[in-house]
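Whatever order the structure lists ligands and atoms in, that order sets their numbers, starting from 1. Atoms considered below: every heavy atom in the structure, side chains included; atoms not considered: hydrogens, waters and symmetry mates. Predicted model only: the values in this text are computed from it and were never measured.
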Amino acid sequence: MEHTECDELNPARKAPHAAIGQVLIEALPYIRKFEGKTFVIKYGGAAMKDSCLKNIFAQNVTLLRKVGIKIVLVHGGGDAITKMAEKLGLTSRFLHGRRVTDKEMISVIQMTLAGKVNQDIVQLISEHGGKAVGVSGLDADTIKALPHPNAETLGLVGEVEQINTDYIDLLCGAGLIPVIAPIGFDDDNIYNINADDAASSIAIALKAEKLIYVSDVAGIHVGERILKTISKREAADFIERGIISGGMIPKVLSAFKTLDSGVGKVHLIDGKATHSLLLEIFTHEGVGTQFIAEQESDHY
Ligand SMILES: Nc1ncnc2c1ncn2[C@@H]1O[C@H](COP(=O)(O)OP(=O)(O)OP(=O)(O)O)[C@@H](O)[C@H]1O
Ligand SMILES: [Mg+2]
């Protein structure tokens with residue numbers, strides 16, 4: 001690959017050849033284990049904004065697909081929506097990490113998420129040699145939604161009612177990477193679906209091997225400390241005490257729903273750390289925070 005401005009982020013460039021070879025070969029058992037398995041990756045936060053991080057993320061995803069792992073991306077785009085809404089003179093309001101969505105805002109979301117944000121990701125992956133396909137939740141009935149229980153205050157915010165996996169399976173089976181914009185529908189409306197919730201439901205429906213949330217924090221923090229693991233009981237307590245707040249609330253709640261529904265591994269990793277995705281998948285090193293069942297929760 002040609003030299004790029006991101007190279008200073010890459011310590012391996014300075015490592016001796018034997019060390020590089022060793023690092024590469026360490027991935028082999030993981031490649032053998034995960035070949036043909038499905039990973040759902042929720043892409044949000046800083047890794048979606050910074051151009052170096054965006055490129056590295058797209059490379060990581062392409063590599064994972066090329067070694068035979070079925071990758072399904074679900075993206076957020078809260079910042080892009082807020083900026084576009086602002087340009088159009090609309091104010092963004094949030095309630096417990098969810099965007100209050102009226103008729104005008106759902107149009108902005110549709111245009112920004114399924115349009116610009118989604119296609120930018122597709123293009124970036126294709127620049128690195130991957131083959132991605134943009135999918136809105138409306139395509140081929142992929143995300144059927146219900147109004148959110150707090151619809152009276154949240155407006156056109158939806159919950160996933162059902163994921164139709166046919167189209168996603170078709171794309172994955174053809175070696176393509178579905179890039180899914182979290183928008184849902186019912187007979188009456190189009191709904192804004194929190195991307196974490198959408199990723200969770202998609203991982204459950206696909207019986208994915210792993211769900212990985214890529215965000216802009218090193219993991220779940222309690223004060224200065226980054227938790228290596230978190231259990232449902234601890235999470236409920238941290239939410240109650242305001243230690244977990246804002247956009248982290250839907251992420252944590254959907255993470256435990258996913259775990260309870262049989263997806264074995266659910267992780268939150270740092271989109272700001274170079275190659276965190278590859279490290280999470282191809283090494284023993286734990287990066288970020290793993291969501292775990294109650295009985296394992298004594299070692300954070
Ligand atoms: N205890 C906590 N540990 C870590 N982050 C926390 C915590 N409590 C609140 N947060 C906030 O949650 C944010 C992550 O959620 P956010 O919804 O902003 O990002 P995202 O879901 O990755 O992106 P998007 O919503 O665009 O898809 C962090 O940037 C942080 O400000
Ligand atoms: Mg979020």
Side-chain angles (χ1 to χ4, degrees), residues 40-50 53-54 57 72-86 92-101 105 108-109 112-114 116-118 120-121 137 143 148 154 157-160 179-183 192-203 211-258 266-273 276-277 280 287-291 300:
V40 175
I41 299 171
K42 154 66 203 307
Y43 181 39
M48 273 183 77
K49 288 172 231 156
D50 177 273
L53 294 172
K54 280 200 296 199
F57 178 81
V72 178
L73 277 190
V74 181
H75 63 85
D79 269 18
I81 294 166
T82 300
K83 281 195 186 116
M84 180 57 78
E86 230 172 76
S92 295
R93 283 197 302 125
F94 295 89
L95 218 61
H96 306 299
R98 291 172 203 278
R99 180 183 296 272
V100 176
T101 305
M105 190 58 85
V108 176
I109 292 171
T112 314
L113 266 196
K116 176 81 176 136
V117 174
N118 183 281
D120 282 353
I121 299 169
I143 305 180
H148 191 276
L154 288 172
V157 171
E159 282 200 326
V160 176
V179 177
I180 304 176
I183 297 169
N192 168 22
I193 310 235
N194 177 278
D196 300 331
D197 289 340
S200 160
S201 298
I202 289 167
L211 167 62
I212 302 170
Y213 298 94
V214 180
S215 187
D216 55 6
V217 282
I220 293 176
H221 54 75
V222 177
E224 295 291 292
R225 194 161 52 107
I226 302 290
L227 303 185
K228 277 198 178 341
T229 61
I230 187 168
S231 71
K232 202 196 239 180
R233 193 158 31 89
E234 290 160 350
D237 178 46
F238 292 147
I239 291 173
E240 176 86 30
R241 288 158 59 195
I243 293 169
I244 289 176
S245 62
M248 196 49 70
I249 297 175
K251 206 179 298 298
V252 165
L253 297 179
S254 64
F256 285 106
K257 184 174 164 221
T258 318
V266 185
H267 274 261
L268 166 65
I269 65 169
D270 189 359
K272 294 202 301 294
S276 54
L277 191 56
E280 189 329 86
V287 290
T289 304
Q290 184 177 359
F291 300 88
Y300 68 93

Any atoms of ligand 1 less than 4.0 Å from a non-hydrogen atom of [X]? List them with their elements.
X	answer
K251	20 (P), 21 (O), 22 (O)
G44	22 (O), 23 (O), 27 (O)
S215	14 (C), 19 (O), 20 (P), 22 (O)

Carboxylate-amine/guanidinium proximity below 4.0 Å for [X] and [Y]:
X	Y	result
D216	K272	no
D120	K116	yes
K54	D50	no

Ligand 1 contacted by G77 (non-hydrogen, < 4.0 Å):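 The answer is yes, since G77 has a heavy atom less than 4.0 Å from ligand 1.
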Would you call G219 a ligand 1 contact, heavy-atom distance under 4.0 Å?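 In this structure, G219 qualifies as a contact of ligand 1 - some heavy atom is under 4.0 Å.
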Between I41 and V72, is the side-chain contact (heavy atoms from CB on, under 4.5 Å) condition met? List the steps. CA-CA 6 Å; I41 299 171; V72 178; over 6 Å; no
For ligand 1, note which part of [X] has a heavy atom under 4.0 Å away: side chain, backbone, both or neither.
X	value
M48	neither
I244	both
K42	side chain

Pairs of nitrogen or oxygen atoms closer than 3.5 Å, one from [X] and one from ligand 1: do any exist?
X	result
G78	yes
G246	no
S245	yes

Could you verify whether a donor N or O on one side chain and an acceptor N or O on the other, from S200 and T258, lie under 3.5 Å apart? yes
So, using side-chain hydrogen bond (donor to acceptor under 3.5 Å, both in side chains) as the criterion, who are the partners of R98 when residues are at least two apart? D197
Let me see the working for V214 and F57 under side-chain contact (heavy atoms from CB on, under 4.5 Å), right down to the final yes or no. CA-CA 10 Å; V214 180; F57 178 81; 4.0 Å; yes
So which of A80, G247, A235 gets nearest to atom 15 (O) of ligand 1, if we judge by its closest heavy atom?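 It is G247 whose heavy atom sits nearest to atom 15 (O) of ligand 1.
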In short, A235 meets V252 closest at the heavy-atom pair CB-CG1, 3.5 Å
